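Just below is one structure, and these are the notes that go with it.
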Amino acid sequence: MLDAGASVEDVSGMPDQLLPQPPPDVLAPPASEAALQSRRKMKWLIGGGLCSMLSVVILFALPVLTRKRITGCDQTEAINNARQIGMALFEFQTEYGKFPETSTISEVKRKCVTPLTLAGNSSNDFFAQLIASGICQTEAIFYTKAKSTVKPDGIMDTDASAIVHGECAYAYISGVDASANLSTPLIFGPVMPGTKTLDTLSNDGKAIILKLDNSVTSLPIDSSGKIIYNGMDLLDPRQPFWNGKAPDVKWPK
């Protein structure tokens, strides 16, 4: 029978007082080997998990960052090439009184000894006048990296080798007078060689335009392959710099 004076704690065998605690200045006993192994395992699991997560993030992000870097480099090269074409065109204009035209072919041949025939059918032909005149020493500036182009080989001593198919990605606006509206385009690209179609797969879907003020800008190419400027096609006769007349575009061959 239960003693009337016994407490519940006494009956259960549990003490009604906390066990005595060590003084606060006494160091805790060292962890057991099992505890140390458990801690090391936990740190390894946490560190390994973070490394795995970081590896996954890098794995997915690296291709995107690489594509952006490559695209940025390609667009920078295209802009620099357009600027160099502009410098060559203005030097030609200073020397011959106008930008390359069919009417300047005879004058270039008279002043310079060249093996090039110098036709007037494509932008390649008009740019060839810059080479024949000695103003331009390389065909590399007419190139823009794209799926439809090929890197120039530097051979320019015959019609069959100078700025051949695929080495030029810029269209040329023939007949532009140096006294025209300074926002008038002189060249634009990239155009798929042998076509009148802009290459939307290069330069992040943007076109490079060289203007008469020798500035270079990039404009978006819409889904139909048109360069949009002032809310309309760049080549639309309603553009203020065309004066109501469709521009004479020489496309790359």
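Fair warning: this is a prediction, and the values are worked out from it, not measured in the lab.
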Exercise. Within the distance-only criterion (no hydrogens, no angle test), does the side chain of N181 pair as donor or acceptor with the backbone N or O of S183 below 3.5 angstrom?
Worked result: yes

Problem set entry | Over-ring placement of K111 relative to Y96, 6.0 Å and 45° cut-offs | yes

Exercise. Taking a hydrophobic cluster as the set of Ile, Leu, Val, Met, Phe, Trp and Tyr residues connected by side-chain heavy atoms closer than 4.5 Å, whether directly or through intermediates, do I135 and Y143 fall within one such cluster?
Worked result: no

Problem set entry | Qualifying residues under side chain to side chain donor-acceptor pair (under 3.5 Å), relative to D153, sequence neighbours excluded | none

Exercise. Charged N to carboxylate O under 4.0 angstrom, K98 versus E101?
Worked result: no

Problem set entry | ring-ring contact (aromatic ring centres under 6.0 Å, His included) contacts touching residues 171-198 (sequence neighbours left out) | F126-Y172, F127-Y172, F188-W251

Exercise. Do the charged groups of K206 and D204 touch, with an N to O distance under 4.0 Å?
Worked result: no

Problem set entry | N124 side-chain N/O to I163 backbone N/O, donor-acceptor pair under 3.5 Å | yes

With a cut-off of 3.5 Å and sequence neighbours excluded, list every side-chain donor-acceptor pair involving residues 87-94.
residue	atom	partner	partner atom	Å
T94	OG1	F90	O	3.0

Exercise. If you draw a 6.0 Å radius around NZ in K253, do more than 12 non-hydrogen atoms from other residues or ligands fall strictly inside?
Worked result: yes

For this session: Please list, chain by chain and in numerical order, all residues satisfying salt bridge (Lys or Arg N to Asp or Glu O under 4.0 Å) with D248, sequence neighbours excluded.
Result: K250

For this session: Taking all heavy atoms of F99 and all of V176, pick out the closest pair and write down the distance.
Result: CD1-O, 3.3 Å

Exercise. Do you reckon F142 sits in the same ILVMFWY cluster as M192, going by side-chain contacts under 4.5 Å, direct or chained?
Worked result: no

For this session: Please check if I141 and M156 belong to a single hydrophobic cluster, counting links between Ile, Leu, Val, Met, Phe, Trp and Tyr side chain heavy atoms closer than 4.5 Å.
Result: yes

Exercise. Do side-chain atoms of D236 reach the backbone of M232 as a donor and acceptor pair under 3.5 angstrom?
Worked result: no

Problem set entry | Any residue meeting side chain to side chain donor-acceptor pair (under 3.5 Å) with N243, in chain and number order, not counting sequence neighbours | none

Exercise. Does T104 have any side chain to side chain donor-acceptor pair (under 3.5 Å) partners at least two apart in sequence or in another chain, and if so, which?
Worked result: Q129

